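Values reported hereafter were calculated over all heavy atoms of this structure, with side chains retained and with hydrogens, waters and symmetry mates removed. Letters A, B, ... are given to chains in the order of the sequence lines, protein chains preceding strands, and every chain is numbered from 1. All of these numbers come straight from a predicted model, not from anything done at the bench.
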Number of protein chains: 2
Amino acid sequence: MAEIGQLAGVSQVTVSRALSSPGKVSPETLKRIEDAIARTGYVPNAVAGALASRKSNLIAALVPSVTNIVYASVLHAFSEIMWGHGYQIMLSETGLQPDREEKAIAALLSRRPDAILLTGVHHSAQARRMLLNAGIPVVEIWDMSDTPIDCCVGFSHSDAGRAAADFAVQWGYETAATITAGDDRALRRRDAFTSRFETVTRSKVQAMDFDVPATLGLGREAMAKLIELSLPPRSVVFCSSDQFAQGALVEAGVRGLTVPDDVAVIGFGDQEYAASSAPALTSVRIDRQVLGRTAAEALLTRFSEGPGAHLVKDIGFQIIRRQSA
Amino acid sequence: MAEIGQLAGVSQVTVSRALSSPGKVSPETLKRIEDAIARTGYVPNAVAGALASRKSNLIAALVPSVTNIVYASVLHAFSEIMWGHGYQIMLSETGLQPDREEKAIAALLSRRPDAILLTGVHHSAQARRMLLNAGIPVVEIWDMSDTPIDCCVGFSHSDAGRAAADFAVQWGYETAATITAGDDRALRRRDAFTSRFETVTRSKVQAMDFDVPATLGLGREAMAKLIELSLPPRSVVFCSSDQFAQGALVEAGVRGLTVPDDVAVIGFGDQEYAASSAPALTSVRIDRQVLGRTAAEALLTRFSEGPGAHLVKDIGFQIIRRQSA
DNA sequence: TCGCGAGATGTATGCGCATACATAGCTTAA
DNA sequence: TTAAGCTATGTATGCGCATACATCTCGCGA
């Protein structure tokens, strides 16, 4: 920056000003500085800037996995907005091991981000401590909490599970099974579904659980087992993701079962292909665009309005009825 | 850090040493320092560290889109390895507008990453200049180049397109169509496929192009149009992604066509569901795990061996024949 | 006994910026 | 005419660390 100043015949601070508030520099000086920058290919050192100003324009984000489209698309919507406001995103994945979260949080916080986005609302005591200590805005997404660290944008997974059960009962399904993978939130949906469905119908809900990420292949496997264990007529299968649901549909088709008459399927997430598959998939829709955007907006108002604004927003969900149930 | 030092009865440097090379401080001192850190919840300021040491332990990554599983999974494999070596990833998306790449590169470089990962090998002159200027290792992935900026890990898209055409000819398909979306690389595969197929069979290859990301729904639409335009028997459809291929399969099924006898489909990417769909999808496999890992390893050896090692690696591809073609 | 080397710790300094404060040259209204 | 105010720029300083170099304390062999 000092070098640019020399080239333009001004001091370092004038260059700094030219970059951060061009209005404060005379037009001629500004032009000379811009020329010098263009000539040298100078790129400001944001690290030094962040150290000096205690503002990094960085947002840290922690998601279970980027390869899960569901998390990726929320992240995408979130970063689009933050990027538009001059923020960059620093990403980390926690994967399946929750103990990685603590290390990841520490690593992210060491970069002194201006805010941090977390997936889920359950964090270790040490993690909460570090977050509080950091003194920056925090958004927790994908879930609701009675004790949010700061901002929180999501929906109730228990409500979603219960709503799916009510939906199934309402459309006359008398027995049910679940196919569930992974995280704590999927398990809460399953539990709420099962509990409600069993209470209302007095029938036992069969559970197929996996502790690896959901895939179409596993969905087929699970459905195959359920069919072999004899799935009574008027059965519905509640899946923790559309991937499983899609697999269940494929397996039912291959075995010559008619959907939804022989077996019905409810997915979760309402991914793009849900509407286009054959039969089209009934699914619980979470508006991921809205989720990401709302999280971004929560942070932005939190930035402008200070620590007073603890924004908590329930974005809800919606059961989209198509052909599969 | 100075505060921690006070608590532990040592100076700031000793704390610094305790964190970066614990072997250089006596066990008792180390313990007192660790206690103080645990008590206060201190998180080192990596920004200051990076400024002082000119080493950020940050890797910048630029991908077209995180919501495209194909890019996301490579990124995932890449970050797993880099994370294991103490590096963090800073991500940016270029989206569909290539002019965003320049801005994104500048923004990323301003954080002074230790290396940068780019998708594709075509960059503007200004972008190349900034990258060269930054003086850090660069890996370009997903493609091969005669003039790589530094390291390059990928495969030839033209070869892949030609191989698909040869495969189609070999299995007796006499006419072909393509469904293509998006990037420059998909277009090159399409062109190579078309050119080779037309040369060998002397039949015209019909092209369905989209300039939005591929989805199952669009694949169905494209297939519907192709069928309505009358697809002769012994036809094969070469898709730029498995999403399209899956959609084509669904549409063919809905219309009562038999795959591959009435129409055959070749996908690209060999995503997880390709093997599990019904009929199972024939697809060009790119080992995304290997791609990500190889890129990471290229950077790591580049770090240890200096600017001499311009690593270029062709990871190739493989046509996986299943039921759809 | 003395000196020497190794281990443990400390002092001084600067990384490249942003910020607070100071200054110089103008304009404007009383 | 002059003080006040405004614009454009400059000087000094410190953000929180890592690094080079200095210092001190031992233990050990000559």
A.B. asks: When you check the gap from the basic side-chain N to the acidic O, do Glu80(A) and Arg100(B) get nearer than 4.0 Å?
C.D. replies: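 Answer for the salt bridge query: yes.
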A.B. asks: Using a heavy-atom cut-off of under 4.0 Å over every strand shown, decide if Val47(A) touches base, sugar-phosphate, or nothing.
C.D. replies: nothing
A.B. asks: Could you state the CG-P distance from Leu51(A) to dG14(D), rounded to the nearest angstrom?
C.D. replies: 14 Å
A.B. asks: Atom CG of Asn57(B) and atom P of dC17(D): how far apart are they, to the nearest Å?
C.D. replies: 15 Å
A.B. asks: Is the distance from OP1 or OP2 of dT9(D) to the nearest side-chain N or O of Thr29(A) less than 4.0 Å?
C.D. replies: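 For dT9(D), OP1 or OP2 has a side-chain N or O of Thr29(A) closer than 4.0 Å.
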A.B. asks: Quick check on side-chain hydrogen bond (donor to acceptor under 3.5 Å, both in side chains): which of Glu101(A), Glu102(A), Arg128(A) does His123(A) satisfy it with?
C.D. replies: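 Of Glu101(A), Glu102(A), Arg128(A), side-chain hydrogen bond (donor to acceptor under 3.5 Å, both in side chains) with His123(A) is met by Glu101(A) alone.
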A.B. asks: Can you see if the side chain of Tyr42(B) gets near the phosphate of dC17(D) - specifically, an N or O under 4.0 Å from OP1 or OP2?
C.D. replies: yes
A.B. asks: What I want to check is whether an N or O donor and acceptor connect the side chain of Arg17(A) with the base of dG10(D) at under 3.5 Å.
C.D. replies: yes
A.B. asks: Please report, rounded to the nearest Å, how far the P atom of dG16(D) is from the CZ atom of Arg54(B).
C.D. replies: 19 Å
A.B. asks: Can you check the Gln12(B) CD to dA18(D) P distance for me, whole Å?
C.D. replies: 7 Å
A.B. asks: Could you check whether Val25(B) gets within reach of a base, just the sugar-phosphate, or nothing at all, counting any heavy atom under 4.0 Å?
C.D. replies: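 Sugar-phosphate only.
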A.B. asks: Would you name the heavy atoms of Leu75(B) and Ala61(B) that are closest together and state the gap between them?
C.D. replies: CD1-CB, 3.9 Å
A.B. asks: Rounding to an integer number of Å, can you tell me how far Lys24(A) NZ sits from dT9(D) C1'?
C.D. replies: 12 Å
A.B. asks: Quickly work out the Arg111(A) CZ to dG16(D) P distance and round it to whole Å.
C.D. replies: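 Between P of dG16(D) and CZ of Arg111(A): 17 Å.
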A.B. asks: Ser26(B) side chain N/O closer than 4.0 Å to the phosphate oxygens (OP1, OP2) of dG7(C)?
C.D. replies: no
A.B. asks: Would you find more than 12 non-hydrogen atoms of other residues, nucleotides or ligands less than 6.0 Å from Glu3(B) atom CD?
C.D. replies: no
A.B. asks: Could you check whether the rings of Tyr71(B) and Trp142(B) sit parallel, tilted or perpendicular, using 30° and 60° as the cut-offs?
C.D. replies: perpendicular
A.B. asks: Grab the CE-C1' distance between Met1(B) and dG14(D) for me, whole Å please.
C.D. replies: 17 Å
A.B. asks: For Ser53(A) and dA18(C), is the shortest distance between a side-chain N/O and OP1 or OP2 below 4.0 Å?
C.D. replies: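 Indeed not, no polar side-chain atom of Ser53(A) lies that close.
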A.B. asks: Toward the 5' end of DNA chain D, which comes first, Val13(B) or Ala48(A), by nearest nucleotide?
C.D. replies: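 Whichever sits nearer the 5' end wins; that is Ala48(A).
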A.B. asks: Calculate the interatomic distance between Asn45(A) atom CG and dC15(D) atom P; express it in whole Å.
C.D. replies: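 Distance check: Asn45(A) CG to dC15(D) P gives 18 Å.
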A.B. asks: Within less than 4.0 Å of OP1 or OP2 of dA18(C), is there a side-chain N or O belonging to Ser16(A)?
C.D. replies: yes
